[in-house]
Amino acid sequence: MEQTYIMIKPDGVQRGLIGEIISRIEKRGLKVTAMRLNVMSSESAKEHYKEHAEKPFFASLIEYVTSGPSVSMVVEGKNSIAIMRAVNGATNPVNALPGTIRGDFAIETGRNVVHASDSPESAKREISIHFKDTEIVSYSKIDEVCLYE
């Protein structure tokens, strides 16, 4: 099963959207296999967003993402990367369709509620920044626990 990294950014946490976002993930058929609520360190944020290091918005992005609690998750399922990109909607909420997280809850790119990995390589890199392998519950273990006789 494919894994992806999802973050509910500080604006999503502050607005009380954690449950709504997780509900949308689960209703889509994906499984949350790791989750943490914390204030991201500046070092982790810089590593996470390193591809933007030379862009003019980098400093404000780091300041914002470390400004309050965020929720980091590993989400797993068939085609989880593409599905989560669709569930989240366009990065710029102006272009995000109604029914997507950003289309329903965000109004500007700088405060767009969620982040999702954009490729298998990014997912692997981002997951490794935020989680140890031992913190991720395997998909098959979740199914074993949920099955009743």
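By convention here, the first residue in the shown sequence is residue 1.
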Run the numbers on Val32 and Met35 for side chain to side chain contact (heavy atoms under 4.5 Å, CB included), then give the verdict.
CA-CA 7 Å; Val32 177; Met35 183 167 37; 4.1 Å; yes

For [X], enumerate each residue passing the side-chain contact (heavy atoms from CB on, under 4.5 Å) test, keeping only those at least two apart in sequence or located in another chain.
| X | value |
| --- | --- |
| Thr134 | Lys132 |
| Ile107 | none |
| Ser42 | Lys46, Ile62 |

Could you go through the side chain to side chain contact (heavy atoms under 4.5 Å, CB included) check for Ile25 and Lys31 one step at a time?
CA-CA 7 Å; Ile25 292 167; Lys31 296 191 188 262; over 6 Å; no

For Glu63 and Thr66, the nearest pair of non-hydrogen atoms, with its separation, is O-OG1, 3.3 Å

Indicate the atoms forming the closest heavy-atom contact of Met40 with Val65, along with that distance.
CB-O, 4.2 Å

Give a yes or no on whether the backbone of [Y] and the side-chain of [X] come within a donor-acceptor separation of less than 3.5 Å.
| X | Y | result |
| --- | --- | --- |
| Arg15 | Phe105 | yes |
| Arg85 | Ala116 | yes |
| Asn112 | Ala106 | no |

Lys NZ or Arg CZ of Arg111 over Tyr64 ring: under 6.0 Å, within 45°
yes

Joint hydrophobic cluster, [X] plus [Y], side-chain heavy atoms closer than 4.5 Å:
| X | Y | value |
| --- | --- | --- |
| Ile81 | Met84 | no |
| Ile21 | Val13 | yes |
| Met73 | Ile83 | yes |
| Leu37 | Val39 | no |
| Phe131 | Val75 | no |

Contacts of Arg125 meeting salt bridge (Lys or Arg N to Asp or Glu O under 4.0 Å) (sequence neighbours excluded), chain-then-number -> Glu51

Pairing residues for Lys50 by the salt bridge (Lys or Arg N to Asp or Glu O under 4.0 Å) criterion, not counting sequence neighbours
Glu47

Sequence neighbours excluded, which residues qualify as side-chain hydrogen bond (donor to acceptor under 3.5 Å, both in side chains) partners of [X]?
| X | value |
| --- | --- |
| Glu121 | Ser119 |
| Glu2 | none |
| Glu135 | Arg36 |
| Ser117 | Glu126 |

For residues 89-105, which residue pairs qualify under side-chain hydrogen bond (donor to acceptor under 3.5 Å, both in side chains), counting only residues two or more places apart or in two chains?
Arg24-Asp104

Return each pair, listed once, that meets ring pair (Phe, Tyr, Trp, His ring centres under 6.0 Å) where at least one residue sits in residues 18-57; pairs must be two or more places apart or across chains.
Tyr5-His48, His48-His115, His48-His130, Tyr49-His115, His52-Phe57

Any ring pair (Phe, Tyr, Trp, His ring centres under 6.0 Å) involving residues 67-99? Give me the pairs, sequence neighbours left out, ordered by first then second residue.
none

To the nearest 0.5 Å, atom OG of Ser70 lies from atom CD1 of Ile6 at 12.5 Å

Side chain to side chain contact (heavy atoms under 4.5 Å, CB included) evaluation trace for Ile127 with Ile136
CA-CA 10 Å; Ile127 289 168; Ile136 302 169; 3.7 Å; yes

In this structure, are over 12 heavy atoms from other groups packed under 6.0 Å from Glu108 atom CD?
yes

